[in-house]
Enquirer: 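The structure that follows is given in the form of structure tokens.
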Amino acid sequence: MNPPVPSMASTDLAREWSIVHILSMWYRDHHRRLPWRETRDPYRIWVSETMLQQTRVETVIPYYHAFLERFPDVAALAASDEEAVLKCWQGLGYYSRARNLHRAARLVVERHGGRIPDDPRAFLALPGVGAYTAGAVMSIAFHRPIPAVDGNVLRVVARLENLCDPVDHPTVRRRIERLVEGWLQQAEPAVFTQALMELGAVVCTPRSPRCGACPVRSACRAHRAGTAEDLPKRAPKRPRRQKVVLALWCETGEGVVVEQRPADGLLGGMWQLPAHELDADALDAPSDAGRDAESGGAAEAAGPVRRALMDCLQRVFPGTACHAVRFVEVARERHVFTHLEWSVRLFRPEGMPAGARVDRTRFRVVCRDELGGLPWPRVYEKLISGALQMLI
DNA sequence: AATTCGGGGTA
DNA sequence: TACCCAGAATT
């Protein structure tokens with residue numbers, strides 16, 4: 001079934017030939033059928049590659065279908081509101097991907113007449129398109145030999161070449177890109193690019209790689225050296241910073257007070273309840289000042305927690321006398337991000353003076369039925385559902 | 001070169 | 001728990 005290997009079987013040239021062709025044929029025969037592999041539409045491939053950044057295939061699949069149903073082509077995406085795009089992205093994480101993709105779609109309409117550029121430099125110039133995504137779309141959609149080096153390819157190549165340097169260093173990464181670029185010259189780019197990633201996803205996995213099932217193990221230097229399990233090397237990660245988030249459930253006759261986060265930074269553009277974020281060690285340092293009193297089974301805020309909540313409340317209702325309010329905790333969530341950890345506590349102010357006016361320039365008041373129409377981070381989804389369940 | 005960006009599956 | 005995932009932008 002495989003074509004004959006050239007006679008110079010022990011040379012580097014034959015090894016490269018083997019990597020390119022054996023792997024390509026293996027991909028043709030064994031690849032998984034994934035939604036974005038059923039199309040040749042560059043837009044759809046671009047959307048999939050954007051969603052797949054740092055995100056697992058199984059996670060992406062439902063989002064991919066829903067997104068393309070809502071935004072079937074670049075023009076539809078460009079014509080939509082950013083908030084609608086974020087809503088489709090809700091729960092997927094890394095929300096700057098959604099906002100960049102939306103901006104990029106508008107640029108494609110403006111600059112390129114609505115057609116996705118088949119030129120690597122023009123495509124790379126779009127927001128949210130980095131070296132990987134450019135290589136992936138160029139090779140898969142336009143059959144151009146541009147390397148697409150993701151986490152799978154880093155691992156596969158580090159093992160094939162037995163590279164013991166940390167792969168998350170730019171110099172090592174560039175070295176791997178050069179290697180792949182060379183292999184691509186002898187390959188069908190759309191096939192070989194996906195073959196490398198597929199091998200990493202299915203066979204050459206991070207832990208317990210299935211070397212026995214690998215079509216190119218005879219070309220793998222790590223397998224020969226017995227180091228496959230230990231590769232690739234990565235730089236150690238720093239511990240997460242701990243933060244406390246104090247949020248408010250302010251429900252008036254009109255509805256619930258909500259606000260949109262700033263466009264850039266953490267959870268940019270997503271909605272949240274009025275909140276105050278502070279370093280965790282700022283709270284637990286003073287001995288007993290931050291401890292909360294128990295009253296009637298519900299925790300009531302005291303000390304610095306109460307002061308922070310009061311600041312927050314004054315932002316929502318500027319110029320309103322709130323001295324007498326008590327804050328009753330109605331929900332609590334821990335949420336882990338890549339580089340920080342949130343401990344969120346949601347409080348309901350009790351005893352608000354009648355006629356308190358919400359600052360509508362910073363906040364919006366929406367009725368309960370409309371909460372679901374806004375894009376929320378996962379942690380606020382959980383908090384709100386918890387609060388609604390408690391408050392009925 | 002190092003940080004900052006989500007969220008979830010898995011051992 | 002710790003790791004890692006079809007990474008990009010910012011500093």
Side-chain angles (χ1 to χ4, degrees), chain A residues 27 31-32 34-37 45-64 86 89-101 103-104 123-141 147-157 166-174 177 180 190 193-202 204-208 229 232-241 243 261-270 333-342 375-382:
Chain A
Y27 177 78
H31 71 79
R32 296 167 294 171
L34 299 174
W36 42 89
R37 289 177 175 166
I45 293 168
W46 178 22
V47 169
S48 78
E49 294 300 345
T50 305
M51 287 187 168
L52 286 161
Q53 290 166 14
Q54 295 291 283
T55 310
R56 296 171 186 283
V57 164
E58 314 82 65
T59 307
V60 164
I61 289 174
Y63 283 90
Y64 175 81
L86 282 174
W89 213 272
Q90 170 177 314
L92 199 52
Y94 287 144
Y95 299 100
S96 64
R97 292 183 296 177
R99 294 188 293 109
N100 283 333
L101 184 61
R103 276 203 298 149
F123 189 65
L124 193 55
L126 296 170
V129 178
Y132 165 75
T133 305
V137 173
M138 290 303 112
S139 60
I140 298 171
V149 176
D150 68 340
N152 287 313
V153 179
L154 283 180
R155 182 174 57 255
V156 167
V157 177
V167 293
D168 45 7
H169 275 56
T171 58
V172 180
R173 185 197 174 77
R174 273 192 290 277
E177 281 174 350
V180 174
T193 292
Q194 297 189 80
L196 280 174
M197 293 193 283
E198 186 75 354
L199 188 73
V202 179
C204 196
T205 49
R207 283 164 302 195
S208 31
E229 287 255 23
K233 300 287 189 188
R234 287 180 193 275
K237 312 182 167 78
R238 301 211 330 281
R240 283 185 284 270
R241 294 195 314 271
K243 288 208 165 193
R261 294 179 63 88
D264 36 53
L266 184 66
L267 303 170
M270 303 294 280
E333 282 296 333
R334 286 190 82 69
H335 193 73
V336 179
F337 299 92
T338 301
H339 63 293
L340 68 97
E341 194 168 331
W342 271 7
W376 299 93
R378 208 52 125 190
V379 59
Y380 276 97
E381 266 193 298
K382 293 181 190 167

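Proteins get letters first, then strands, A, B, ... in listed order; numbering begins at 1 in each.
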Enquirer: If you go through the side-chain atoms of Thr59(A), does one of them form a donor-acceptor pair with the base of dG8(B) closer than 3.5 Å?
Expert: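 Looking at the base of dG8(B), it does not pair with any donor or acceptor on the side chain of Thr59(A) (distance under 3.5 Å).
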Enquirer: Could you tell me whether the side chain of Arg56(A) has a donor or acceptor atom within less than 3.5 Å of a complementary atom in the base of dC4(C)?
Expert: yes
Enquirer: Looking at Thr133(A), does any N or O in its side chain come under 4.0 Å of the phosphate oxygens OP1/OP2 on dA8(C)?
Expert: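 True: Thr133(A) side-chain N/O within range (under 4.0 Å) of dA8(C) OP1/OP2.
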Enquirer: Should Gln54(A) be listed as having a side-chain N or O under 4.0 Å from OP1 or OP2 of dG7(C)?
Expert: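 Answer is yes, contact under 4.0 Å.
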Enquirer: Can you tell me if the side-chain N/O atoms of Arg241(A) get under 4.0 Å from OP1 or OP2 in dT4(B)?
Expert: yes
Enquirer: Taking OP1 and OP2 of dC5(B), is either one under 4.0 Å from a side-chain nitrogen or oxygen of His339(A)?
Expert: yes
Enquirer: Under 3.5 Å, is there any donor-acceptor pair linking the side chain of Thr55(A) to the base of dG6(B)?
Expert: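 Answer is yes: a donor-acceptor pair is held.
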Enquirer: For dC4(C), does either OP1 or OP2 sit under 4.0 Å from a side-chain N or O belonging to Lys237(A)?
Expert: yes
Enquirer: Looking at Glu381(A) and Arg378(A), does any basic side-chain N land under 4.0 Å from a carboxylate oxygen?
Expert: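 Looking at Glu381(A) and Arg378(A), the cut-off is met.
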Enquirer: OP1, OP2 of dG7(B) versus side-chain N and O of Tyr95(A): anything below 4.0 Å?
Expert: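 Result: yes.
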Enquirer: Phosphate oxygens OP1/OP2 of dC5(C): is one of them under 4.0 Å from a side-chain N or O of Arg207(A)?
Expert: no
Enquirer: When the C1' atoms of dT3(B) and dA6(C) are considered, how many whole Å apart are they?
Expert: 22 Å
Enquirer: Between the base of dG7(C) and the side chain of Tyr132(A), is one N or O donor paired with an acceptor at under 3.5 angstrom?
Expert: no
